[in-house]
Amino acid sequence: MTPFELKSSLESMTLIVDSREQPTENLKKRIEQTGLPYERRKLDFGDYSCRCVLPDGNTLDFSSRAVIERKMNLDELCLCFGKERGRFEREFERAKAAGCRVYLLVEGGTWEYAYCGKYRSKYNPKALIASIDAYRARYGMQLDFCKAETTGNLIRDILYRELKEVLENEY
């Protein structure tokens, strides 16, 4: 792929938003912050991914290569590792089987809050840290804490870099 073709493919990047993401004002702001055109459709795992147009005119759907799973806070993450663990684990198993990298963005959280139990859930901080570390080891999950106002930028930048690496090295 020539530098011109790479640039053209990256500029054609379109955000894919899982259709199960609730159409809230916050979702609208998050999508607008990415600055990308978007489409809503069901993703097999994750909340966000992307696609682009290749130089030959075909579309590269990136949703089986890299996705972003977003949680609104540590309480929601605790729920995923607690009551909803089965569903959450099945999602990660599907992603792993597909060879997909999963980035987990947790808004409003920090490692310090996780270790100290600074969240409303009764989920034990040691159990939360153990679950996070197990998923990182088992599924290669990348965890990033962020503020809600930077989530859109992170979604765009993570997917852009993942896509760029694949385009530069595989096409």
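Position 1 is the first residue of the sequence; numbering continues from there.
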**Report entry** Audit row: Glu170, Arg65, salt bridge (charged side-chain N to carboxylate O under 4.0 Å, His left out) steps and yes/no
**Finding:** CA-CA 13 Å; Glu170 296 181 23; Arg65 304 289 295 262; 2.6 Å; yes

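- Checked by atom type, the side-chain pair Arg51/Ser12 shows no donor-acceptor distance below 3.5 Å.
- In this structure, Glu84 pairs ionically with Arg87, as a charged nitrogen and a carboxylate oxygen lie closer than 4.0 Å.
- For the pair Leu163/Cys50, a side-chain contact is recorded, criterion being any heavy-atom separation below 4.5 Å from C-beta on.
- Using a 3.5 Å distance cut-off with no hydrogens or angles, the side chains of Thr24 and Asn26 do not pair a donor with an acceptor.
- A salt bridge links Arg70 to Glu107: at least one charged side-chain nitrogen sits closer than 4.0 Å to a carboxylate oxygen.
- No side-chain heavy atom of Pro125 sits under 4.5 Å from any side-chain heavy atom of Lys118.
- Within a 6.0 Å sphere centred on CZ of Arg120, heavy atoms belonging to other residues, nucleotides or ligands number 12 at most.
- For Arg30 and Asp47, the salt-bridge test fails: no basic side-chain N is under 4.0 Å from an acidic carboxylate O.
- In this structure, the side chains of Leu36 and Ile31 stay at 4.5 Å or more apart for every pair of heavy atoms.
- Look at Lys164 and Glu168 and you find a salt bridge, because one of the NZ, NE, NH1 or NH2 atoms lies within 4.0 Å of a carboxylate O, short of that distance.
- Residues Glu165 and Arg161 are not paired through a salt bridge, judged by the lack of any N-O separation under 4.0 Å between the basic side chain and the carboxylate.
- Cluster partners of Leu143 are Phe45, Val67, Leu74, Leu77, Phe81, Phe88, Phe92, Val102, Leu104, Val106, Trp111, Tyr113, Tyr115, Tyr119, Tyr123, Leu128, Ile129, Ile132, Tyr135, Tyr139, Met141, Phe145, counting Ile, Leu, Val, Met, Phe, Trp and Tyr whose side-chain heavy atoms approach within less than 4.5 Å, directly or via other members.
- Side chain to side chain, Tyr103 and Glu162 meet the donor-acceptor criterion of an N or O pair below 3.5 Å.
- When all heavy atoms of Glu91 and Gly46 are compared, the pair lying nearest together is OE2-N, 2.6 Å.
- Remark: Glu69 CD to Ser49 OG distance equals 12.0 Å, nearest 0.5 Å.
- Looking at heavy atoms from C-beta onward, Tyr160 lies in side-chain contact with Leu10 at the 4.5 angstrom threshold.
- A heavy-atom distance below 4.5 Å is found between the side chains of Ser9 and Met1.
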